[in-house]
Amino acid sequence: MIDFKKLDSSYEDQALGLLEESNLPSEDFDLSQFHVIGALNGGRLQAIAALEIYGPHALLRSVAVNSEKHKNGLGTRLIHEMIKESKNLNLSKLFILTETAEGFFARLGFEITDREQVPSPVKQSKEFQHLCPASAVCMSLSL
């Protein structure tokens with residue numbers, strides 16, 4: 001059974017392992033700085049998603065699912081949990097940069113967004129500045 005919970009620093013190694021397995025940036029990943037939700041099965045981390053919060057907006061990042069759990073709906077459930085959490089945090093819009101999951105996020109309601117429409121604080125994040133290439137698709141979801 002999968003449980004979703006906000007992660008603390010005790011999950012740092014497992015979270016970094018998932019990011020590495022998924023070929024996602026991890027050099028600035030910090031559980032104490034981001035709002036991270038994890039999907040756990042028996043205490044073992046199966047998936048993660050993080051929010052970098054900038055006022056009423058957030059950058060959704062570091063979405064990773066254990067490769068053994070791909071194609072079973074866990075990623076979709078995780079994003080639904082993160083959307084619910086974002087609403088509880090009174091956020092108004094989520095932004096994401098993706099190179100490989102545009103279709104996945106589009107199915108969840110995210111729309112392609114011109115980078116010029118992204119609020120300046122979000123654009124100043126390390127992810128926008130240098131961790132994700134310019135070829136990454138920018139998407140957003142109004143909450």
Side-chain angles (χ1 to χ4, degrees), residues 1-113 115 117-133 135-143:
M1 178 158 141
I2 298 289
D3 293 312
F4 295 95
K5 72 178 248 180
K6 185 175 185 304
L7 299 182
D8 60 33
S9 61
S10 68
Y11 290 95
E12 187 97 18
D13 289 341
Q14 287 186 64
L16 291 172
L18 271 178
L19 292 175
E20 185 176 302
E21 176 189 324
S22 300
N23 295 314
L24 293 173
S26 62
E27 52 266 23
D28 72 327
F29 186 82
D30 185 345
L31 280 167
S32 68
Q33 298 295 313
F34 303 150
H35 192 93
V36 184
I37 299 291
L40 296 137
N41 185 355
R44 187 163 146 69
L45 195 57
Q46 301 298 315
I48 59 169
L51 293 173
E52 268 187 73
I53 299 173
Y54 298 94
H57 306 108
L59 178 62
L60 175 61
R61 58 165 294 171
S62 306
V63 178
V65 177
N66 179 324
S67 60
E68 296 172 7
K69 301 294 183 185
H70 285 188
K71 305 290 184 198
N72 74 356
L74 181 57
T76 298
R77 289 176 53 207
L78 177 63
I79 297 304
H80 284 298
E81 284 292 321
M82 191 55 92
I83 290 169
K84 185 171 79 177
E85 185 74 8
S86 298
K87 289 177 180 177
N88 288 341
L89 293 168
N90 295 315
L91 298 174
S92 62
K93 198 163 201 172
L94 298 179
F95 295 91
I96 189 164
L97 293 170
T98 181
E99 291 185 85
T100 60
E102 179 183 339
F104 170 76
F105 287 104
R107 285 190 299 279
L108 295 170
F110 286 77
E111 297 177 343
I112 293 176
T113 304
R115 288 180 186 231
Q117 296 178 345
V118 176
S120 183
V122 177
K123 281 197 287 195
Q124 297 306 311
S125 68
K126 289 181 182 176
E127 188 116 338
F128 264 87
Q129 291 296 307
H130 67 272
L131 293 180
C132 278
S135 60
V137 175
C138 180
M139 302 180 82
S140 65
L141 177 71
S142 294
L143 300 173

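Quick caveat: nothing in here was measured; it's all calculated off a predicted structure. One is the number of the first residue; the rest follow in order along the sequence.
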Closest non-hydrogen atom pair, [X] against [Y]:
| X | Y | value |
| --- | --- | --- |
| K5 | Y11 | NZ-OH, 3.5 Å |
| T98 | A101 | OG1-N, 2.9 Å |
| L18 | V65 | CD2-C, 4.0 Å |
| L97 | A136 | CB-CB, 4.2 Å |
| M139 | F105 | SD-CB, 4.0 Å |
| I2 | A39 | CG2-CB, 3.8 Å |

Does any N or O in the side chain of [X] come within less than 3.5 Å of the main-chain N or O of [Y], such that one atom is a donor and the other an acceptor?
| X | Y | value |
| --- | --- | --- |
| T113 | E111 | yes |
| S26 | L16 | no |
| Q14 | L45 | yes |

- Query: Would Q33 and D28 satisfy side chain to side chain contact (heavy atoms under 4.5 Å, CB included), going step by step from the backbone distance to the final call?
  - Reply: CA-CA 10 Å; Q33 298 295 313; D28 72 327; over 6 Å; no
- Are L59 and V118 side-chain neighbours, meaning at least one heavy-atom pair lies under 4.5 Å?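 L59 does not reach V118 side chain to side chain.
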- Query: Taking only residues two or more places apart in sequence, or in another chain, which ones meet E85 in a salt bridge (Lys or Arg N to Asp or Glu O under 4.0 Å)?
  - Reply: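 Here no residue qualifies.
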- Task: List in chain and number order the residues that pass salt bridge (Lys or Arg N to Asp or Glu O under 4.0 Å) with K84, two or more places apart in sequence or in another chain; answer none if no residue qualifies.
- Result: E81
Can you tell me how far [atom2] of [Y] sits from [atom1] of [X], rounded to the nearest 0.5 angstrom?
| X | Y | atom1 | atom2 | answer |
| --- | --- | --- | --- | --- |
| Q46 | L74 | CD | CG | 7.0 Å |
| R115 | K123 | CZ | NZ | 10.0 Å |
| L24 | E99 | CG | CD | 9.0 Å |
| L94 | S86 | CG | OG | 4.0 Å |
| Q117 | K93 | CD | NZ | 7.0 Å |
| M82 | L51 | CE | CG | 4.0 Å |

- Item | K87, NZ atom: more than 12 neighbouring heavy atoms under 6.0 Å |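 Counting neighbours around NZ of K87, 12 or fewer heavy atoms of other residues, nucleotides or ligands fall under 6.0 Å, so no.
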- Query: Around E21, counting heavy atoms of other residues, nucleotides and ligands shown, do more than 12 lie under 6.0 Å from its CD?
  - Reply: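 It does: E21 CD has more than 12 such atoms within range.
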- Verdict with supporting geometry, L19 and I48, side chain to side chain contact (heavy atoms under 4.5 Å, CB included): CA-CA 9 Å; L19 292 175; I48 59 169; 3.9 Å; yes
- Task: Might you work through the side chain to side chain contact (heavy atoms under 4.5 Å, CB included) test for I83 and L60, ending with a clear yes or no?
- Result: CA-CA 10 Å; I83 290 169; L60 175 61; over 6 Å; no
- Message: Under the criterion side chain to side chain contact (heavy atoms under 4.5 Å, CB included), I'd like the reasoning laid out for L108 against L141: C-alpha separation, chi angles, the key distance, then a yes or no.
- Response: CA-CA 9 Å; L108 295 170; L141 177 71; over 6 Å; no
- Message: Taking side-chain hydrogen bond (donor to acceptor under 3.5 Å, both in side chains) as the cut-off, I'd like each qualifying pair that reaches into residues 51-60, sequence neighbours left out, listed once.
- Response: E52-Y54, E52-R61
- Message: So, applying side chain to side chain contact (heavy atoms under 4.5 Å, CB included) with F34, which one of L31, I37, V36 is it?
- Response: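 Only match with F34 under side chain to side chain contact (heavy atoms under 4.5 Å, CB included): V36.
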